[in-house]
Amino acid sequence: MFDGIPARPEPAVDPVAATFDLLGDRLTLTILRLAFTHRARRFTQWSELTGAPPAVLSARLTALVDAGVLTRATGSAREYRLTALGLDTWEILVCVWSWQREWTREGAVLPEMVHLDCGHRGPPVPMCRACGCAVTARDTGVELASDALWRLTSGRRRSARSIEPGPGDARFDEIMEAIGDRWSAVVTGLALAGVRRFGEFGAVLNISPTTLTERLARLCAAGILRRPGDGAGAAREYRLTPRGRALFGVFVFLLAWAQRAHPDGPDSGPRIHHRACGQPLVPALRCRGCGMCLARTDIRFEPVPAATRPSLDSVG
Ligand SMILES: [Zn+2]
Ligand SMILES: [Zn+2]
């Protein structure tokens, strides 16, 4: 027996950062969407449906396998299945779809979500699993750990490639402004948590004023934030637009999934609680028609009939 040199612990992966790096990507969301809606399983299916260059598609599929979202089918290197963790992304995708449906120009031509039990057509709402009530950003309180924010925004991170146009659905362009890179995601997340003043963003983020100004301007241009008072002497404030506030569902399900994907990771995410019932927010989706809590198999997406489909040019 001899005393070995203790293994240096691997730097802990921040669950939230890893989740935004993985899923805050246009092609990755497209791959997952097609796995649910088109039952895409084979490399060639995704390749035909997305038109992505093979090397790029291959890299994204490998990243999804490494993250435990997809698994390679036995006997075929080019066939993949969603794992249980992969299936758990359905609520994130439904929230992304809901936001696009209600807040983007393309919304009118997206397939419609149908609740099979009651026949209701249209987006669901986030709800608190503890008490069953619908929740919005305004109904919740958020505690942020500053060291967690530091971990989230520091360290090796993916380049901001995904907010540049790349392969995948063009329909994901607008949501990428909010979740396509860590800085934008964190600034949007802080705004959802109630942060408004330029100085407050700067203080919690430890970010250079130049970068912060650039990100805030970008989020204003994307219609996610707005500046209420531009008058002389007005505090430099940023508020969420209704469109920005509607991203709440996307964020709470991303955060919930981050914990599921990294059960042993540092507990770094913001703690969100539902003010009305006082419980930590465990989010679920609720049908707007019948009020039922939805499971993945309770819903179906139906294409909008071509006859009633407005052309993109005539929308908005
Ligand atoms: Zn509650
Ligand atoms: Zn229903």
Within this structure, what is the [atom1]-[atom2] distance for the pair [X] and [Y], rounded to the nearest 0.5 Å?
| X | Y | atom1 | atom2 | result |
| --- | --- | --- | --- | --- |
| Arg245 | Leu225 | CZ | CG | 10.5 Å |
| Arg182 | Thr19 | CZ | OG1 | 10.5 Å |
| Leu34 | Glu48 | CG | CD | 11.5 Å |
| Trp103 | Thr241 | CH2 | OG1 | 7.0 Å |
| Met292 | Cys287 | CE | SG | 8.0 Å |
| Leu32 | Ile92 | CG | CD1 | 8.5 Å |

Nearest atoms (heavy-atom pairs only) where [X] meets [Y]:
| X | Y | value |
| --- | --- | --- |
| Ala52 | Leu57 | CB-CB, 4.3 Å |
| Arg41 | Ala35 | NH1-O, 3.3 Å |
| Cys220 | Arg227 | SG-CG, 4.2 Å |
| Leu247 | Ala178 | CD1-CB, 3.6 Å |
| Gly244 | Leu192 | O-CD2, 4.0 Å |
| Leu216 | Phe198 | CD1-CD1, 3.5 Å |

State, yes or no, whether a side-chain contact exists between [X] and [Y] at a heavy-atom distance under 4.5 Å.
| X | Y | answer |
| --- | --- | --- |
| Trp90 | Leu285 | yes |
| Thr30 | Thr50 | yes |
| Ile272 | Phe251 | no |
| Phe301 | Leu110 | no |
| Leu64 | Leu22 | yes |
| Arg275 | Thr140 | no |
| Thr213 | Arg236 | yes |
| Pro111 | Thr37 | no |

Note to self: If you apply the rule side chain to side chain donor-acceptor pair (under 3.5 Å), what do you find for Ser208 with Thr211, and how did you get there?
What the structure shows: CA-CA 5 Å; Ser208 85; Thr211 310; 2.8 Å; yes

Give the cluster check for [X] versus [Y]: same hydrophobic cluster or not, with ILVMFWY residues linked at side-chain heavy-atom distances below 4.5 Å.
| X | Y | result |
| --- | --- | --- |
| Trp46 | Leu87 | yes |
| Leu61 | Val56 | yes |
| Val250 | Val142 | yes |
| Val187 | Val204 | yes |
| Val96 | Val114 | no |

Note to self: Ring-plane angle category for Phe201 and Tyr238, please: parallel below 30°, perpendicular beyond 60°, tilted otherwise.
What the structure shows: perpendicular

Note to self: For a side chain to side chain donor-acceptor pair (under 3.5 Å) check, start with the C-alpha distance between Thr71 and Arg81, then their side-chain angles and the critical distance, and finish with the verdict.
What the structure shows: CA-CA 5 Å; Thr71 180; Arg81 302 208 177 278; over 6 Å; no

Checklist line | Audit row: Arg296, Asp88, salt bridge (charged side-chain N to carboxylate O under 4.0 Å, His left out) steps and yes/no | finding: CA-CA 8 Å; Arg296 180 174 53 85; Asp88 278 348; over 6 Å; no

Acceptor/donor pairs from residues 126-135 side chains to any protein atom, 3.5 angstrom cut, sequence neighbours excluded:
none

Next item on the list: With side-chain contact (heavy atoms from CB on, under 4.5 Å) as the test, would you mind laying out the steps for Glu302 and Arg121 before giving the verdict?
Entry: CA-CA 9 Å; Glu302 290 180 358; Arg121 304 169 72 83; 3.0 Å; yes

Next item on the list: Go through the steps to decide whether Leu190 and Arg196 satisfy the test side-chain contact (heavy atoms from CB on, under 4.5 Å), and finish with yes or no.
Entry: CA-CA 8 Å; Leu190 285 173; Arg196 287 182 178 173; over 6 Å; no

Check: Yes or no on side-chain contact (heavy atoms from CB on, under 4.5 Å) for Phe172 and Gln100, after CA distance, side-chain angles and deciding distance?
Finding: CA-CA 8 Å; Phe172 290 129; Gln100 292 172 302; 3.4 Å; yes

Notebook entry, point to check: Salt bridge between Arg105 and Glu174, side-chain N to carboxylate O under 4.0 Å?
Noted result: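 No salt bridge links Arg105 with Glu174.
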
Check: So, Arg218 and Glu177, do they make that salt bridge, N to O below 4.0 Å?
Finding: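 Looking at Arg218 and Glu177, the cut-off is met.
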
Check: Between Arg101 and Glu112, is a salt bridge (charged side-chain N to carboxylate O under 4.0 Å, His left out) present by the stated rule, with each step listed?
Finding: CA-CA 9 Å; Arg101 183 96 178 88; Glu112 186 64 281; 2.7 Å; yes

Next item on the list: Using modelled atom types only, decide if a donor and an acceptor are shared between the side chain of Ser47 and the backbone of Phe43 within a distance under 3.5 Å.
Entry: no

Item checked: Exam field: side chain Trp257 to backbone Leu85, donor-acceptor pair closer than 3.5 Å ->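 Between the backbone of Leu85 and the side chain of Trp257 there is a qualifying donor-acceptor contact (under 3.5 Å).
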
Next item on the list: Begin from the C-alpha positions of Glu102 and Arg288 and carry the test salt bridge (charged side-chain N to carboxylate O under 4.0 Å, His left out) through to its verdict.
Entry: CA-CA 14 Å; Glu102 300 195 297; Arg288 280 187 203 178; 3.2 Å; yes

Notebook entry, point to check: Above 12 or not: heavy atoms from other molecules or residues under 6.0 Å from CZ of Arg260?
Noted result: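 More than 12 heavy atoms, drawn from other residues, nucleotides or ligands, come within 6.0 Å of this atom.
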
Margin query: One pair to check against side-chain contact (heavy atoms from CB on, under 4.5 Å): Leu29 and Met176. What are the steps and the verdict?
Written below: CA-CA 10 Å; Leu29 287 184; Met176 283 306 134; 3.5 Å; yes

Next item on the list: Establish, yes or no, whether a centroid distance under 6.0 Å links the rings of Phe253 and Phe248.
Entry: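 For Phe253 and Phe248, the ring centres are not under 6.0 Å apart.
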
